[in-house]
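Have a look at the structure below before the remarks.
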Amino acid sequence: MILDIVWLIVGLVLILGGANALTDGSAAIARRMGISDLVVGLTVVAFGTSAPELVISLLGAIDGHTELAIGNVVGSNIFNVFVIIGVTALVRPISIGRSVMTMEIPMMVLSAVLLLLLGNSASLSATGINEVTRLSGIFLLIFFLLFMRYTFATARSGAPTDEDAPADRQPPMAIGRSVVYIILGLAALIWGGDRFVAGASAIAISLGISEAVVGLTIVAAGTSLPELATSIVAAVKGKPGLAVGNVIGSNIFNVLMVLGVSATVSPLPFGSIGNFDLLTLLGGSLAFWLFGWIIRYRTITRLEGGLLTAAYIAYTAILLARA
């Protein structure tokens with residue numbers, strides 16, 4: 001138990017340091033290439049910080065731990081919307097660009113709808129159970145490629161948007177140094193997340209918590225710590241586009257790419273992960289979208305951030321009570 005706690009601390013330190021390096025390197029390259037922080041958050045940073053989910057879900061699918069694989073994705077996305085957006089807004093209110101409100105967030109909501117439909121696919125499945133089949137996995141990967149095509153087409157259009165304005169006028173670091181920062185940052189994030197999950201999972205399992213609950217809570221929170229650290233650091237440094245794009249991109253990556261790849265390797269039954277969890281994810285995604293329109297226009301306020309954080313605490317309490 002003591003060794004597991006040590007790994008928790010080591011993992012957290014690596015995650016925080018990696019998030020800082022990744023944010024600096026990515027933002028510098030974005031400024032040098034004329035690409036907005038939002039697009040970098042939706043692609044490079046989102047892919048990098050989703051790497052732990054991909055590894056864990058893929059290994060879970062291969063080893064037959066399907067509830068851990070599904071729970072990791074569902075739980076991570078719930079954590080992203082409620083905790084990352086919530087806590088980041090508590091640190092500093094998040095301003096959201098117009099295009100994000102009309103295009104990217106609706107895509108994230110659509111990914112939650114797809115997950116809800118897959119979680120209720122028993123009537124359409126040959127096995128009669130709710131699962132992500134290999135065919136569904138292939139379709140998810142196709143949707144993912146279409147999303148990437150849209151994102152890069154938006155980047156190539158070069159049309160400036162209100163979230164593209166640089167937060168400062170300091171010259172960006174050299175390309176070589178930026179690349180080193182990104183590589184070291186991703187390495188620290190991935191290894192730190194792995195060590196955190198290993199320690200947390202060992203503690204949870206020793207306490208007799210089920211695999212589904214471990215996936216929805218401990219593993220999900222652990223694999224989402226890179227997104228949390230990256231978004232908070234980005235918000236503090238005045239880069240709201242990177243913070244928001246990171247969450248939106250990660251949620252879309254998790255559903256379309258992580259589940260798509262994992263299900264293509266092996267079908268993923270949902271097991272005990274049901275509509276309570278899937279509707280929580282959809283409700284959180286819709287709340288994130290609606291909050292951008294109320295109280296302060298296109299801004300997630302501290303009040304709204306507090307509501308999202310409180311909702312996650314309530315969800316976790318209900319989940320553990322039902323375990």
Side-chain angles (χ1 to χ4, degrees), residues 42 46 50 53-54 57 66-67 69-86 96 99-125 129-151 154 212 215-216 220 224 227 244-264 267-294 300 304 308 311-312 315 319:
L42 284 167
S50 289
E53 284 92 340
L54 176 60
S57 291
T66 58
E67 287 196 19
I70 293 280
N72 179 34
V73 169
V74 177
S76 292
N77 282 16
I78 290 174
F79 188 92
N80 287 352
V81 172
F82 287 99
V83 178
I84 296 181
I85 294 298
I96 304 176
S99 68
V100 179
M101 293 297 299
T102 57
M103 294 299 296
E104 278 79 18
I105 295 182
M107 288 183 183
M108 185 184 73
V109 173
L110 178 59
S111 71
V113 171
L114 285 174
L115 197 54
L116 179 62
L117 293 176
L118 290 171
N120 292 273
S121 60
S123 60
L124 301 176
S125 174
I129 60 175
N130 296 317
E131 66 176 350
V132 186
T133 64
R134 282 193 173 91
L135 181 60
S136 298
I138 293 172
F139 277 114
L140 289 176
L141 289 176
I142 292 173
F143 284 131
F144 172 71
L145 293 176
L146 292 175
F147 168 71
M148 293 302 295
R149 183 175 184 274
Y150 158 77
T151 300
T154 301
L216 286 166
S224 291
E227 287 95 329
V244 173
N246 177 39
V247 169
I248 296 172
S250 292
N251 275 26
I252 294 173
F253 272 47
N254 286 346
V255 174
L256 301 185
M257 185 189 71
V258 174
L259 277 187
V261 170
S262 301
T264 302
L268 301 175
F270 278 79
S272 60
I273 298 168
N275 284 332
F276 173 67
D277 310 296
L278 300 176
L279 288 172
T280 297
L281 173 57
L282 178 58
S285 301
L286 288 171
F288 176 30
W289 193 18
L290 293 175
F291 281 172
W293 298 112
I294 61 179
I300 306 298
E304 293 163 336
L308 288 172
Y312 181 79
Y315 163 75
L319 195 65

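Residues: numbered from 1 along the sequence shown.
- Residues Leu259 and Val255 come closest through the heavy atom pair CB-O, 3.2 Å.
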Could you walk me through whether Leu319 and Asp277 pass side chain to side chain contact (heavy atoms under 4.5 Å, CB included), step by step?
CA-CA 9 Å; Leu319 195 65; Asp277 310 296; 3.5 Å; yes
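- Side-chain contact check for Leu116 versus Asn275: some heavy-atom pair is nearer than 4.5 Å.
- Nearest heavy-atom pair across Val132 and Ala263 is CG1-CB, 3.4 Å.
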Taking only distance into account, with no hydrogens and no angle test, what donor-acceptor pairs under 3.5 Å do side-chain atoms of residues 279-291 form with protein atoms, sequence neighbours excluded?
| from | atom 1 | to | atom 2 | distance (Å) |
| --- | --- | --- | --- | --- |
| Thr280 | OG1 | Phe276 | O | 2.6 |
| Ser285 | OG | Leu281 | O | 3.0 |
| Trp289 | NE1 | Met101 | O | 2.8 |

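- Counting heavy atoms from C-beta outward, Phe270 and Leu115 have side chains that approach closer than 4.5 Å.
- Every residue two or more places apart in sequence or in another chain was checked for a ring pair (Phe, Tyr, Trp, His ring centres under 6.0 Å) with Phe139, and none qualifies.
- With sequence neighbours excluded, the residues that form a side-chain hydrogen bond (donor to acceptor under 3.5 Å, both in side chains) with Asn72 are Ser57, Ser76, Thr223.
- Residues passing the side-chain contact (heavy atoms from CB on, under 4.5 Å) test with Leu145: none are found, sequence neighbours excluded.
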What side-chain donor-acceptor pairs closer than 3.5 Å can you find for residues 106-114, not counting sequence neighbours?
| from | atom 1 | to | atom 2 | distance (Å) |
| --- | --- | --- | --- | --- |
| Ser111 | OG | Met108 | O | 2.6 |

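- Among residues two or more places apart in sequence or in another chain, the ring pair (Phe, Tyr, Trp, His ring centres under 6.0 Å) test is passed with Phe79 by Tyr312.
- Residues satisfying the side-chain hydrogen bond (donor to acceptor under 3.5 Å, both in side chains) criterion with Ser136, sequence neighbours excluded, are Thr133.
- No side-chain heavy atom of Ser224 sits under 4.5 Å from any side-chain heavy atom of Val83.
- Scanning both residues, Glu67 and Ser272, for their nearest heavy atoms gives OE1-OG, 3.0 Å.
- When the side-chain hydrogen bond (donor to acceptor under 3.5 Å, both in side chains) test is applied to Asn77, the partners found at least two apart in sequence or on another chain are Asn254.
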